[in-house]
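We name chains A, B, ... by the order of the sequence lines, and we start the count at 1 in each one.
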Amino acid sequence: MSEDKLPTRAEDFSEWYNQLVVKADLADYAPVRGCMVVKPYGWALWENITAWLDKEFKATGHVNAAFPTLIPMSFFEKEKEHVEGFAPELAVVTHGGGNELEEPLVVRPTSETIIGHMYAKWIKSWRDLPILIVQWGSVLRWEMRTKLFLRTSEFYWHEGHTAHATSEEAKEEMYRILDIYEDFCLSQAALPIIKGTKSETERFAGAQITTSIEAMMWDKRALQSGTSHYFGQNFAKAFEIQYLDNANTLQFCETTSWAISSRIIGAMIMVHGDDQGLVLPPRLAPTQAVIVPIFKSPEEKNKVMDVAERIFKELKAAGIRIKMDDRDNVSSGFKFNDWEMRGVPVRIEIGPKDVEKQSVALARRDRPGREGKTFVPQTGLDSALNLLLSEIQDSLLKRATEYRDANIHDPKDYEELKKVVQDGWAFSYWCESTECETKAKEDAKATTRNIPFEQPGHDGNCIVCGKTSKRKVYFARAY
RNA sequence: CGGGGCGUGGCGCAGUCCGGCUAGCGCGCUUGCUUUGGGAGCAAGAGGUCGGAGGUUCGAAUCCUCUCGCCCCGACCA
């Protein structure tokens with residue numbers, strides 16, 4: 001069954017990814033161009049992601065609400081940059097109930113406009129501020145080239161939309177959210193990320209400041225994994241979001257928006273996955289450990305299953321997301337490979353020998369083969385397993401961080417920059433001019449990812465033009 | 001939108017150039033028996049308007065015309 005194997009990442013990373021997403025049972029291709037079906041296993045993973053974020057947003061004073069999928073076309077025309085940014089990828093509804101509509105409706109590609117419209121209606125006084133709303137849902141963008149999770153026409157996300165009295169407050173909100181995103185990536189997804197500010201050309205359509213978290217995939221390309229925007233008064237002016245301050249003066253609000261999408265699943269796949277398949281961080285894995293019972297004769301089966309079921313109950317009671325693989329139509333060897341493909345962090349093998357010795361075999365997913373296999377006693381298995389899960393979580397982040405750091409270069413000159421970005425990132429001074437940015441993009445296909453908040457603290461020379469520059473930026477080929 | 005390729009059981013394909021009998025193969029699926037510590041074996045089954053429409057012909061998966069859809073490579077984005 002060699003066709004059941006994935007191509008290795010080195011052979012064909014793109015094909016490895018495409019096959020993995022389907023074989024790991026995360027998603028399937030939908031009968032609609034560019035769209036995906038998120039399968040139960042993939043959705044369970046998404047639910048673990050959303051649950052953590054939702055809890056964190058609520059803890060910082062945000063509330064959830066829902067706005068319509070359909071937005072009047074005219075709303076998009078109110079903010080010039082916004083409409084220019086999104087016009088090419090809008091899906092438009094022109095008919096309803098069998099008749100042509102008077103005004104076409106746009107299927108939301110993002111909700112700044114309709115939420116701005118509502119905020120204008122709701123906000124009257126400084127006492128109404130801040131307003132901190134999160135919407136969980138999906139949006140639609142007519143994409144040219146799609147890839148499951150990374151870029152599909154419809155994708156799932158949360159979009160936070162906030163309105164504030166002052167620009168300081170709004171900017172604080174933007175940074176606060178970026179910190180939550182960072183915390184999520186480090187503590188849950190085991191993704192090392194870099195926080196920073198986007199260049200003018202990479203900025204969100206209509207934003208004054210766009211910040212992002214950027215992650216390095218296995219193929220060393222960059223993936224924007226979350227964004228947080230400060231709009232200043234752009235949308236407030238377009239939608240007349242105004243309030244009376246405590247001196248009875250009419251003021252425009254300052255607004256923000258921010259998002260992490262189902263794309264983050266693609267990031268986890270491309271950062272942690274290996275040639276056997278998916279590798280999921282234990283904190284987010286829908287199944288943290290799977291029990292594979294092994295037996296030959298019916299007598300053996302009885303003995304093994306007694307122990308396996310007892311252990312299953314114990315671990316479940318201990319709060320571990322555990323699964324029993326009692327399928328009798330596939331061999332245990334098949335099951336090993338199957339669960340490795342699905343990225344389950346730990347496999348618990350229980351066979352006649354283990355029943356005899358009152359032990360089990362633990363195989364950790366992040367270290368395939370014999371190296372990752374240990375035999376432990378059945379007593380105290382829950383704490384041993386919890387310890388192992390936490391070790392795996394830490395080890396994934398450590399490994400990904402080392403890999404990223406080893407592939408970030410500090411080129412001496414522009415020639416070297418062009419070379420290093422073919423297989424890594426460059427961290428270089430940049431004069432922040434669009435000319436130099438465009439030149440790098442044309443010469444090396446590398447774009448500026450972000451200007452990180454952490455800087456050396458002294459000036460340097462722009463890697464492209466040599467001019468004295470204040471800050472360094474990451475250049476990389478990006479998804 | 002430009003270039004390249006493909007539509008044949010659930011999936012992957014052969015057959016198409018050069019028309020010919022009941023359209024094959026692998027995987028998967030179903031049932032049974034033997035198996036099970038790293039992707040099991042045997043046997044018997046189920047499953048197809050050959051993307052669609054029209055045409056040529058005694059006869060079309062195969063030839064002609066039109067059409068629909070998808071995938072891959074180049075200009076956008078979370």
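- Of the nucleotides present, B:A43 is the one that pairs with B:U31 by Watson-Crick or G-U wobble criteria, both distances under 3.5 Å.
- Nucleotides B:A43 and B:G55 have their P atoms positioned 47 Å apart, rounded to a whole Å.
- With B:C76, B:U36, B:G38 as the candidates, the nucleotide lying closest to the side chain of A:R151 is B:C76.
- Within the nucleic acid shown, A:T152 comes within 4.0 Å of at least one base atom, counting heavy atoms only.
- Residue A:P109 is classed as having no contact, given no heavy-atom separation below 4.0 Å to the nucleic acid.
- Residues A:R477 and A:D423 are not paired through a salt bridge, judged by the lack of any N-O separation under 4.0 Å between the basic side chain and the carboxylate.
- By the criterion of a centre-to-centre distance under 5.5 Å and near-parallel planes under 30°, the ring of A:F155 forms a stack with the base of B:A78.
- For A:R477 and B:G74, the CZ to C1' distance is 15 Å, given to the nearest whole Å.
- Here the nucleotide nearest the side chain of A:K373, chosen from B:A40, B:C76, B:G38, is B:G38.
- Taking 3.5 Å as the limit, the base of B:G38 and the side chain of A:R370 contain no donor-acceptor pair of atoms between them.
- Atom name C1', nucleotides B:G9 and B:C50: the rounded distance is 11 Å, in whole Å.
- Remark: the separation of the P atoms in B:G28 and B:G39 is 15 Å, to the nearest Å.
- Rounded to whole angstrom, the span from the CG atom of A:D28 across to the P atom of B:C11 amounts to 10 Å.
- For A:E349, taking side-chain heavy atoms from C-beta onward, the closest of the listed nucleotides B:G37, B:A40, B:A78 is B:G37.
- In the set B:U36, B:C76, B:G37, the nucleotide with an atom closest to the side chain of A:E89 is B:C76.
- For A:F295, counting side-chain heavy atoms from C-beta on, the closest listed nucleotide (B:U36, B:A78, B:G39) is B:U36.
- Ion pair A:E300/A:K303 not flagged as a salt bridge, since none of the NZ, NE, NH1 or NH2 atoms sits closer than 4.0 Å to an Asp/Glu carboxylate oxygen.
- Comparing the C1' positions of B:G52 and B:C6 gives an interatomic distance of 16 Å, to the nearest angstrom.
- Just one residue in the list A:E437, A:E432, A:E214 forms a salt bridge (charged side-chain N to carboxylate O under 4.0 Å, His left out) with A:K198, and that residue is A:E214.
- Side-chain nitrogen and oxygen atoms of A:S261 include none within less than 4.0 Å of the OP1 or OP2 phosphate oxygen of B:A78.
- Relative to the side chain of A:R347, the nucleotides B:C77, B:G38, B:G37 differ in distance, and B:G38 lies closest.
- Within the nucleic acid shown, A:K353 comes within 4.0 Å of at least one base atom, counting heavy atoms only.
- Using the Watson-Crick or G-U wobble rule with both distances under 3.5 Å, B:U49 pairs with nothing in any strand shown.
- The distance between atom CG of A:N329 and atom C1' of B:G39, rounded to the nearest whole Å, is 14 Å.
- Of the candidate nucleotides B:A78, B:G39, B:G37, B:G39 has the atom nearest to the side chain of A:N337.
- If you measure from atom CG of A:D325 to atom P of B:G37, you get 13 Å, rounded to the nearest angstrom.
- Taking the charged nitrogens against the carboxylate oxygens, A:E254 and A:K171 have no contact shorter than 4.0 Å, which rules out a salt bridge.
- Taking atom C1' in both B:G38 and B:C25, one finds a spacing of 29 Å when rounded to whole Å.
- Note: CD (A:Q276) to C1' (B:G39) measures 11 Å, nearest angstrom.
- We find that CD of A:E143 is positioned 12 Å from P of B:C76, with the value rounded to whole Å.
- For the OP1/OP2 pair of B:G74 and a distance below 4.0 Å, the side-chain nitrogens and oxygens of A:R145 include at least one atom meeting the criterion.
- Considering only side-chain atoms of A:R263, the nucleotide from B:G38, B:U36, B:A78 that sits closest is B:A78.
- In this structure, A:N18 places its CG atom 17 Å from P of B:C11, rounding to the nearest Å.
- The closest side-chain donor-acceptor pair between A:T201 and A:T434, if any, does not fall under 3.5 angstrom.
- Salt-bridge annotation for A:E349 and A:R347: present, with a side-chain N of the basic residue lying under 4.0 Å from a carboxylate O of the acidic one.
- Checking A:A478 against A:D338, the closest nucleotide of RNA chain B that is more toward the 5' end is the one next to A:D338.
- One C1' atom belongs to B:C21, the other to B:G5, and the distance between them is 33 Å to the nearest Å.
- In this structure, A:H82 and A:F76 have parallel ring planes: the angle between them is below the 30° cut-off, well short of the 60° mark.
- Relative to the side chain of A:T227, the nucleotides B:G38, B:A78, B:U36 differ in distance, and B:A78 lies closest.
- With both ends at atom P, the span from B:C27 to B:G19 equals 33 Å, rounded to whole Å.
- Using a 4.0 Å heavy-atom distance criterion, A:L223 is classed as making no nucleic acid contact.
- Remark: P of B:G37 and CD1 of A:I348 are 18 Å apart, rounded to the nearest angstrom.
- With P as the reference atom, B:U36 and B:A40 are 11 Å apart, rounded to whole Å.
- Atom CD of residue A:E112 and atom CD of residue A:E159 lie 6.5 Å apart, to the nearest 0.5 angstrom.
- Using a 4.0 Å heavy-atom distance criterion, A:F86 is classed as making no nucleic acid contact.
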